[in-house]
**Q** 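Okay, handing you the structure first.
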Amino acid sequence: MKNWLMKSEPSVYSIDHLAAEGRTLWSGVRNYQARNFMVQSMAIGDRVLFYHSNADPPGIAGLMRVSGAARPDPSQFDAHSEGYEPRAKRSAPVWQCVEVEFVAKAGRFVSLEELRAQSSLAKMELLRKGSRLSIQPVTPAEMAAVLKLVRIKVQRFKG
DNA sequence: GCCAACGTTGGC
DNA sequence: GCCAACGTTGGC
C-alpha cells in the first residue's frame, strides 16, 4: 500500500465536495509525471492526502483512498471542457485518471506553514522549493507524521 | 496581482 | 538536441 498527496483548489473541488459525493474521478490532471504516477504506481486502497492548493491558507484538508484504477479521463474528449485534448482519440487517449473515495476530513486543518515547521517533513516533496507536482508520493514516515497532525486515526482506513 | 519556478512547445 | 519563448502553478 502506497501513500500519496493530491492537490485541488478548494474553489474548484474541496474536501467538502468529496465528502458530499463519497467518490469522484480525479479528472483534469494534465501533467505527464502526475499521470504516470496514476497509471503506473497507484493501486486500489492506496492512501491519499487531500491538499487544498491556491487556498487561504493552503494545507492538508483530509484523506481519501484510491477506489478505482486509472482509466481515460473523460474531460479530454469534451470540446467544451477546459481539459479538452485535441490530440486524444477514444482509441488513443492521452490523459488518465483514477477514482478516489472519501475517507475522512482532517480533525484539524494543517496549513502549509505548519507542515514546514515539522522537521520530520523536511524532505517532503510538497515542501520542496518550486515543487508544483499535483500528484506526489509520500513516504510512510511522512504519512504517519501528517496523519498525526491532522488527527486522523489509521483505523479509519480499514474495512 | 505579482512573480519564481517549472513544464511544454516549436524553430533551428 | 538545444534552448528561448511562452503558459501554468501556486505561494505570498
Side-chain angles (χ1 to χ4, degrees), chain A residues 2-21 24-42 46-66 70-100 102-139 141-143 145-152:
Chain A
K2 298 193 194 69
N3 302 294
W4 305 92
L5 178 146
M6 305 208 298
K7 300 177 182 175
S8 178
E9 302 190 18
S11 61
V12 177
Y13 195 86
S14 72
I15 189 72
D16 288 327
H17 289 114
L18 181 63
E21 283 193 305
T24 192
L25 274 183
W26 203 260
S27 65
V29 172
R30 295 295 181 268
N31 170 281
Y32 290 104
Q33 198 176 350
R35 179 200 68 181
N36 292 346
F37 279 136
M38 288 194 286
V39 172
Q40 299 168 4
S41 308
M42 272 190 192
D46 283 2
R47 304 185 288 198
V48 186
L49 295 169
F50 193 132
Y51 179 82
H52 280 179
S53 63
N54 259 316
D56 188 19
I60 305 292
L63 199 62
M64 44 194 180
R65 159 170 46 205
V66 177
R71 68 204 64 178
D73 181 338
S75 67
Q76 72 193 302
F77 304 119
D78 177 3
H80 301 295
S81 163
E82 246 185 74
Y84 179 61
E85 172 55 80
R87 297 172 297 169
K89 298 193 170 67
R90 296 277 173 182
S91 58
V94 177
W95 304 109
Q96 302 271 323
C97 56
V98 293
E99 185 193 79
V100 292
F102 177 77
V103 174
K105 239 183 121 161
R108 193 175 69 88
F109 179 88
V110 176
S111 70
L112 177 62
E113 181 183 25
E114 187 175 352
L115 294 173
R116 286 198 192 283
Q118 309 296 318
S119 56
S120 57
L121 300 177
K123 292 186 175 171
M124 199 174 178
E125 166 67 21
L126 178 74
L127 308 183
R128 241 192 58 242
K129 183 183 165 106
S131 170
R132 297 188 341 189
L133 248 193
S134 66
I135 297 181
Q136 40 184 273
V138 171
T139 69
E142 289 163 353
M143 179 58 92
V146 173
L147 289 180
K148 194 169 181 182
L149 286 169
V150 296
R151 295 188 187 141
I152 292 174

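Proteins get letters first, then strands, A, B, ... in listed order; numbering begins at 1 in each.
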**Q** Can you find a side-chain donor-acceptor pair between A/Ser14 and A/Asp16 that sits under 3.5 Å?
**A**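 Checked: A/Ser14/A/Asp16 side chains show no N/O donor-acceptor pair below 3.5 Å.
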**Q** Salt bridge (Lys or Arg N to Asp or Glu O under 4.0 Å): which pairs involve residues 112-122 of chain A, sequence neighbours left out?
**A** A/Arg108-A/Glu114
**Q** Angle, rounded to 10°, between the helical axes spanning five pairs at each terminus of the helix from B/dG1-C/dC12 to B/dC12-C/dG1?
**A**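 Roughly 10° between the end axes, to the nearest 10°.
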**Q** In Å and rounded to the nearest 0.5 Å, what is the CG to CE distance from A/Leu49 to A/Met64?
**A** 8.5 Å
**Q** What closest approach, in Å, do A/Val29 and A/Trp95 show between heavy atoms, and which atom pair accounts for it?
**A**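 The pair with the smallest heavy-atom distance is O-CE3, 3.6 Å.
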**Q** Restricting both atoms to N or O, compile the protein contacts to nucleotides 2-5 of chain C shorter than 3.5 Å, with distance only.
**A**
none

**Q** Atom CD1 in A/Ile15, atom NE2 in A/His52: separation rounded to 0.5 Å?
**A** 6.0 Å
**Q** Using the closest heavy atom to pick a nucleotide of DNA chain B for each, name whichever of A/Arg30 or A/Lys129 lands nearer the 5' end.
**A** A/Lys129
**Q** Side chains of A/Arg132 and A/Ser53: donor-acceptor distance under 3.5 Å anywhere?
**A**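 Note: A/Arg132 and A/Ser53 side chains miss the donor-acceptor criterion.
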**Q** Identify each atom pair where a protein N or O and an N or O of nucleotides 10-12 of chain C are less than 3.5 Å apart, giving names and distance.
**A**
{"from": "C/dG10", "atom 1": "OP1", "to": "A/Lys7", "atom 2": "NZ", "distance (Å)": "3.0"}
{"from": "C/dG10", "atom 1": "OP1", "to": "A/Arg132", "atom 2": "O", "distance (Å)": "2.8"}
{"from": "C/dG11", "atom 1": "OP1", "to": "A/Tyr51", "atom 2": "OH", "distance (Å)": "2.6"}
{"from": "C/dG11", "atom 1": "OP2", "to": "A/Asn54", "atom 2": "N", "distance (Å)": "2.9"}

**Q** Return no unless some side-chain N or O of A/Arg128 is found under 4.0 Å from OP1 or OP2 of B/dC6.
**A**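 So the side-chain polar atoms of A/Arg128 do come within 4.0 Å of the phosphate oxygens OP1 or OP2 of B/dC6, strictly under.
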**Q** With sequence neighbours left out, write down each residue that passes side chain to side chain contact (heavy atoms under 4.5 Å, CB included) with A/Ser8, or none if nothing qualifies.
**A**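 For A/Ser8, the residues satisfying side chain to side chain contact (heavy atoms under 4.5 Å, CB included) (neighbours in sequence not counted) are A/Tyr13, A/Trp26, A/Phe50.
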**Q** Just jot down the side chain to side chain donor-acceptor pair (under 3.5 Å) partners of A/Gln76, sequence neighbours excluded, or say none.
**A**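 A/Gln76: no side chain to side chain donor-acceptor pair (under 3.5 Å) contacts found.
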**Q** Once rounded to the nearest 0.5 Å, what's the spacing between atom CE of A/Met124 and atom CG of A/Leu5?
**A**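 Answer for the CE-CG pair, A/Met124 versus A/Leu5, is 5.0 Å.
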